[in-house]
Novice: 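First, the structure itself, so that you have it in front of you.
Chain identifiers are assigned alphabetically (A, B, ...) following the order of the sequence lines, protein sequences preceding nucleic acid strands; residue numbering begins at 1 within each chain. No hydrogens, no waters, no symmetry mates; every other heavy atom, side chains included, goes into these values. The model shown is predicted, which means the values in this text are computed figures rather than measured ones.
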Amino acid sequence: MRLSLAFYERPALIVARQLIGKTLVHHAGGGRRAGRIVETEAYVGEHDLACHASKGRTRRTEVLFGPPGRAYVYFIYGMYHCFNVVTEAEDVAAAVLVRALEPVAGIPPGQSTDGPGKLCRALRITLAQNREDLCGKRLFLEDGPPVKGSLVRRGPRIGVDYAGQWARKPYRFWVRDNPFVSARRFSR
DNA sequence: CTATTGATGGTC
DNA sequence: ACCATCAATAGG
């Protein structure tokens, strides 16, 4: 069952935790590509120095300030894309980065999904999907069996050392011992 | 196993 | 100039 607007219209930390175990689905090029979410990170608002919205309202971050349930896709390091879900009410610029998937459908064997750049490549998510409505038919999330709390671990976000004390907050969630989680050395 | 570096382009 | 990444490489 597809997740509805009400799911996204909550604090990013709640959505990040609840997204663990859900399935991300993208219909592209005539194929259905899907993966089970096993790692996420919350970016909680303008005051969060690791959140892109802390730079203010720009063309790139505008979507974060918009309504929840939209995709925020950005291009990074000249060659990768990262996929986020916009959360919270309009004008609250929070989002959840999806960092790793367990392949479910339409992903060739051997293609990795253990990292935000890699999962976008595998699901064919690019800037063309930026701002896409996740309650639509092309790109959306589906419910799945709940993942027990004892199986979900929490720790600091990856790659945000520039954000001072915000870099150390435990805003990253992952499934314990799951082989598809990124940054294995930080994921036990 | 850890540490370092280069690829490559949108954004401000 | 900076960057919410990744793969390749060198070294212990």
Novice: Looking at the base of dA4(C), is there any donor atom on it, or on the side chain of Y74(A), that sits under 3.5 Å from an acceptor on the other one?
Specialist: yes

Novice: Can you figure out which of dA7(C), dT5(C), dA7(B) approaches the side chain of P116(A) most closely?
Specialist: dT5(C)

Novice: Rounded off to whole Å, could you give me the CD1-to-C1' distance for the I158(A) and dT5(C) pair?
Specialist: 11 Å

Novice: Using the side-chain heavy atoms of K118(A), tell me which of these nucleotides is nearest: dC6(C), dT11(B), dT5(C).
Specialist: dC6(C)

Novice: Indicate the ring-plane relationship of H81(A) and F75(A), choosing parallel, tilted or perpendicular according to the 30° and 60° boundaries.
Specialist: tilted

Novice: Side chain of H52(A) only, please: which of dA4(C), dC12(B), dC6(C) is the nearest?
Specialist: dA4(C)

Novice: OP1 or OP2 of dG10(B) less than 4.0 angstrom from a side-chain nitrogen or oxygen of R59(A), does that happen here?
Specialist: no

Novice: Taking the side chain of R60(A) as its heavy atoms from C-beta onward, which of dC12(B), dA4(C), dT5(C) lies nearest to it?
Specialist: dC12(B)

Novice: What's G117(A) touching, base or sugar-phosphate or nothing? Going by heavy atoms closer than 4.0 Å.
Specialist: sugar-phosphate

Novice: Using the rule for Phe, Tyr, His and the six-membered ring of Trp, do Y43(A) and dA4(C) stack at under 5.5 Å and under 30°?
Specialist: yes

Novice: Spell out, yes or no, whether V181(A) and L151(A) are grouped together once hydrophobic residues are joined by side-chain heavy atoms under 4.5 Å, including indirect joins.
Specialist: yes

Novice: Please report the distance, rounded to the nearest Å, between OH in Y72(A) and P in dG10(B).
Specialist: 15 Å

Novice: Which nucleotide in the list dC12(B), dT8(B), dT5(C) gets nearest to the side chain of M79(A)?
Specialist: dT8(B)

Novice: Counting side-chain heavy atoms from C-beta on, which of dT5(C), dC12(B), dG10(B) comes nearest to Y80(A)?
Specialist: dT5(C)

Novice: If we call it a pair only when both distances are under 3.5 Å in a Watson-Crick or G-U wobble match, what pairs with dC6(C)?
Specialist: dG6(B)

Novice: Less than 4.5 Å apart, side chain to side chain, heavy atoms only: is that true for F180(A) and V175(A)?
Specialist: no

Novice: Roughly, in whole Å, what's the span from CD in E62(A) to C1' in dT11(B)?
Specialist: 15 Å

Novice: Please state how far atom CD1 in I76(A) lies from atom P in dA7(C), giving the value in whole angstrom units.
Specialist: 16 Å

Novice: What is the distance from CZ of F75(A) to P of dC6(C), rounded to the nearest Å?
Specialist: 13 Å

Novice: Y43(A) ring centre to R157(A) NZ or CZ under 6.0 Å, with the angle to the axis within 45°?
Specialist: yes

Novice: Per the side chain to side chain donor-acceptor pair (under 3.5 Å) rule, which among E62(A), R131(A), H52(A) passes with Y72(A)?
Specialist: H52(A)

Novice: K169(A) NZ to dA4(C) C1': how many Å, rounded?
Specialist: 17 Å

Novice: In whole angstrom, give the distance that lies between atom NZ of K55(A) and atom C1' of dG10(B).
Specialist: 15 Å

Novice: What nucleotide among dG9(B), dA4(C), dC12(B) has an atom nearest to a side-chain atom of V160(A)?
Specialist: dA4(C)

Novice: R57(A) CZ to dC12(B) P: how many Å, rounded?
Specialist: 13 Å

